[in-house]
There are 4 protein chains.
Amino acid sequence: MAPTSLGQLKPRKQPVQDRSHATVDAIFEATVQVLLRDGARKLTTRRIAERAGVSIGTLYQYFPGKEALLYALVSRQLDLAASAVEEACRENHGRPINQCSDTFVNAYIDAKASNPESSRALYQATAGLDMKELIDTAIMRLHRAAYSLLASSSDDLVDDLDNVVFSLIAVVTGGTRQIFEGDDTATRLPTFREQLARMCRAYLNESKVSKRV
Amino acid sequence: MAPTSLGQLKPRKQPVQDRSHATVDAIFEATVQVLLRDGARKLTTRRIAERAGVSIGTLYQYFPGKEALLYALVSRQLDLAASAVEEACRENHGRPINQCSDTFVNAYIDAKASNPESSRALYQATAGLDMKELIDTAIMRLHRAAYSLLASSSDDLVDDLDNVVFSLIAVVTGGTRQIFEGDDTATRLPTFREQLARMCRAYLNESKVSKRV
Amino acid sequence: MAPTSLGQLKPRKQPVQDRSHATVDAIFEATVQVLLRDGARKLTTRRIAERAGVSIGTLYQYFPGKEALLYALVSRQLDLAASAVEEACRENHGRPINQCSDTFVNAYIDAKASNPESSRALYQATAGLDMKELIDTAIMRLHRAAYSLLASSSDDLVDDLDNVVFSLIAVVTGGTRQIFEGDDTATRLPTFREQLARMCRAYLNESKVSKRV
Amino acid sequence: MAPTSLGQLKPRKQPVQDRSHATVDAIFEATVQVLLRDGARKLTTRRIAERAGVSIGTLYQYFPGKEALLYALVSRQLDLAASAVEEACRENHGRPINQCSDTFVNAYIDAKASNPESSRALYQATAGLDMKELIDTAIMRLHRAAYSLLASSSDDLVDDLDNVVFSLIAVVTGGTRQIFEGDDTATRLPTFREQLARMCRAYLNESKVSKRV
DNA sequence: GATGAATGAGGCTTCATTCAT
DNA sequence: CATGAATGAAGCCTCATTCAT
């Protein structure tokens, strides 16, 4: 069982009013900034509130605690990325395998690259917290999207498509993570994207050919 | 910019004596256990000392601080893994590309799998600490080993081998990390290893010069 | 020495209007309920306002602060009890000592028992607050009422009647408090009332002048 | 069920060493002083530690929290009082009813008066905390001691001795509490003691006589 | 008048680290 | 060398109170 009850991780207040919405956004933004500037170890509620320009009390009116704030932040980002990938996959159903492969790889990297700071920060934030559930959900969505995309391809693939997709996702998400956690993300990402695309195409083609033999 | 000067991160005394060596090992082992059992957030010096069966004072006679302890632990593990990969690569110089690929992938995964608990723990430990230098060093060693291995292959490869190796390593290390951080590592690792090996072979074959002709 | 000047402890506005009166009553009632349900430690202004169905701002329009609210509440309850006892004593002037004794004991316990929940709550509320003045006043009124009653008795009593009354009141109020703070108040109160009445009668009969002769 | 698990309320460390013992005593003593000087509302861990001349960390090495400290303090005092009463009762078994009565009353008041500051403080400390269990235990010990004493008396008493003892204890403990919580404790205690003794004797004699009728 | 978002002082507690024994 | 009691900075969070709407 999770060490923290789920009830503690949900936002306290729905941002219905404009001012509230702005406050929540400021807190999220501040969290990302503190994470990037000072690292996870120095991510304190005081710093977050300070950088967000609100009082510590205000922060606690929207989130029942620090962990809940991170949970909400990570949840939001993962959902955005998963949704983007899902949509891209949906739009490319029935295409040749190479295009399917590129679709997935690019959609995922685009999602991460659209907000590189957040992405870097999020990799930090997940550390030491119990975000497994959140991550598992996101991974599952990616899995379904990729599976459905590849299964729809005009090219036929192997029957253990589940394993292929599983490994594909591990490699795409894990590899991308390494790039974002390393130096020179901006410089290296284009190269990596290209190579990763080639790798995945090669892999999937291999999986296709092997079946035909 | 670094919060702790590098000098503070080295062990205080060399474990020249047997008893010292045993103590240091007990502390390392205890750290891994606490990390696995209680998570990074509850990794306190008191718990480590307790589980290691030594007093808190003793811990501080071997390490100048908690961060230094983790630094040393991570350093040791990364060094072991890098050395193992280096050796495997050295032994397979001049082989065909497929064998080179398998060598690297298997050597890396073997290194991680030889002590899965430590590996899982270490992924936790690195979070939030400034281990970039350590990781960069390890990555560089992997890079050199892989580069040298692939360059020696009886098959010719593309000229931007650096980029290929860079991406290869990102994918292998990142993908493996995802497996170790996920559930069912034991169950999923064999499948992943196989698929990753296939993927890398396919990728490198794609990158062969001969193919381009 | 008192942490809050006395001027701060009076209600901000007189409940002249009906709506005002209803609001104040709702707040009082809510305070009692929160006290009983959650205890003195969780008696927060937010909870009181919530349970009373008003906003926190409204609460502060009727009371200058939490302490003043409690002060007013306790004051009202103590006044009710003292008034009830005073009236009962007045109505029984000149009776035999046994009847005087019963009058006082029963009047006091009746006053407390007429609203047992409030009584329990109030004992909680007084804790930790500076209600000494309020309590002293109430005790003094009880003292005067009892003194006057006993002095009027058709039986003669000792000359150190002050001491007798003082002890009588300590015993009646203190004993009753123990019952209300303990378990099974409802079950035990009748028995206690009977025994307390017997005890007081015996005590006062012991103190009769005629006995000394 | 109690809101706080019992495990949280026990001391963290047994004061085996001399220094430890002195520290614990200093903390207890400081708690009493802060309670008397500043009241329950201002009884903060920082103040306690300050007045005890130890750091806040030291306080937490001996007690898992503020509540546990108070729990231990109250427990100690209640135990001392109960033990003293028990012993006095034991030593006066078989005596006439008047002597039994005086024994109990005086033993109880002596116990409280032997450390009037602590007694006053303790009445404050119990406020708002969950000490019911502790208090119930103490009351039960008093009940047994008094019951046994009175049952052993050379005079015969009524058969509903339980009710008599119950009421007796409510009156003695509650009345004494009122004296300690009021002003001029020192001045008023002797008078109250005398009157209370008379009252209890009269009550018990009444209970004896009524049976014989 | 009523509302409730915002405030921030201050409470409780943890934990890396030191140092006298 | 080992021990563990002591330290205190710093983290998280609550809650009485204010004030713009």
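Each chain gets a letter, A, B and so on, in the order its sequence line appears, and its residues count up from 1.
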Are OP1 or OP2 of [N] and a side-chain N or O of [X] less than 4.0 angstrom apart?
{"X": "Tyr62(A)", "N": "dA6(E)", "result": "yes"}
{"X": "Thr45(B)", "N": "dC15(E)", "result": "no"}
{"X": "Tyr60(D)", "N": "dT14(E)", "result": "no"}

Quiz prompt | Residue whose closest nucleotide on DNA chain F lies nearer the 5' end, Leu43(A) versus Lys66(C) | solution =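 It is Leu43(A) whose nearest nucleotide is closer to the 5' end.
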Quiz prompt | Residue list, side-chain hydrogen bond (donor to acceptor under 3.5 Å, both in side chains) with Glu50(B), at least two apart or on another chain | solution =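 Testing Glu50(B) for side-chain hydrogen bond (donor to acceptor under 3.5 Å, both in side chains), a comparison that skips the adjacent residues, returns none.
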Quiz item: Which residues pass the side-chain hydrogen bond (donor to acceptor under 3.5 Å, both in side chains) test with Arg51(B), sequence neighbours left out?
Solution: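 Not a single residue meets the side-chain hydrogen bond (donor to acceptor under 3.5 Å, both in side chains) criterion with Arg51(B).
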Side-chain touch [X]/[Y], heavy atoms, less than 4.5 angstrom:
{"X": "Leu73(B)", "Y": "Val32(B)", "value": "yes"}
{"X": "Leu78(C)", "Y": "Thr137(C)", "value": "no"}
{"X": "Arg41(D)", "Y": "Glu67(C)", "value": "yes"}
{"X": "Met131(D)", "Y": "Leu70(D)", "value": "yes"}

Quiz item: What nucleic acid atoms does Thr44(C) come within less than 4.0 Å of, heavy atoms only: base, sugar-phosphate, or nothing?
Solution: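 The residue Thr44(C) makes sugar-phosphate contact but no base contact.
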Nearest whole angstrom, please: distance from the [atom2] of [N] to the [atom1] of [X].
{"X": "Arg41(C)", "N": "dG11(E)", "atom1": "CZ", "atom2": "C1'", "answer": "12 Å"}
{"X": "Gln61(A)", "N": "dC12(F)", "atom1": "CD", "atom2": "P", "answer": "18 Å"}
{"X": "Lys42(D)", "N": "dC12(E)", "atom1": "NZ", "atom2": "P", "answer": "14 Å"}
{"X": "Ile27(D)", "N": "dA5(F)", "atom1": "CD1", "atom2": "P", "answer": "13 Å"}
{"X": "Asp38(D)", "N": "dG11(E)", "atom1": "CG", "atom2": "P", "answer": "11 Å"}
{"X": "Leu69(A)", "N": "dC12(F)", "atom1": "CG", "atom2": "P", "answer": "11 Å"}
{"X": "Leu59(C)", "N": "dT18(F)", "atom1": "CG", "atom2": "P", "answer": "12 Å"}

Quiz item: Using a 3.5 Å cut-off on both pairing distances, which stems of three or more Watson-Crick or G-U pairs include DNA chain F?
Solution: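 So far as stems of 3 or more pairs are concerned, DNA chain F shows E:2-21 with F:2-21.
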Self-check item: Residue pairs fulfilling salt bridge (charged side-chain N to carboxylate O under 4.0 Å, His left out) with at least one residue in residues 20-35 of chain A, sequence neighbours excluded
Solution: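 Those involving residues 20-35 of chain A are Asp25(A)-Arg76(A).
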Quiz item: Just checking, is any N or O donor in the side chain of Ser55(A) or Thr58(A) under 3.5 Å from an acceptor N or O on the other one?
Solution: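 Short answer, yes.
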Exercise. Just jot down the ring-ring contact (aromatic ring centres under 6.0 Å, His included) partners of Phe28(D), sequence neighbours excluded, or say none.
Key: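 So Phe28(D) forms a ring-ring contact (aromatic ring centres under 6.0 Å, His included) with Phe63(D).
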Quiz item: When you measure from every atom of DNA chain E, which of residues 46-56 of chain D have a heavy atom less than 4.0 Å away?
Solution: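 The stretch gives Arg46(D), Ile56(D) as the residues lying under 4.0 Å from the strand, ordered by number.
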Quiz item: Given that Gly57(D) and Thr58(C) both sit by DNA chain E, which one's nearest nucleotide is further toward the 5' end?
Solution: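 Result: Thr58(C).
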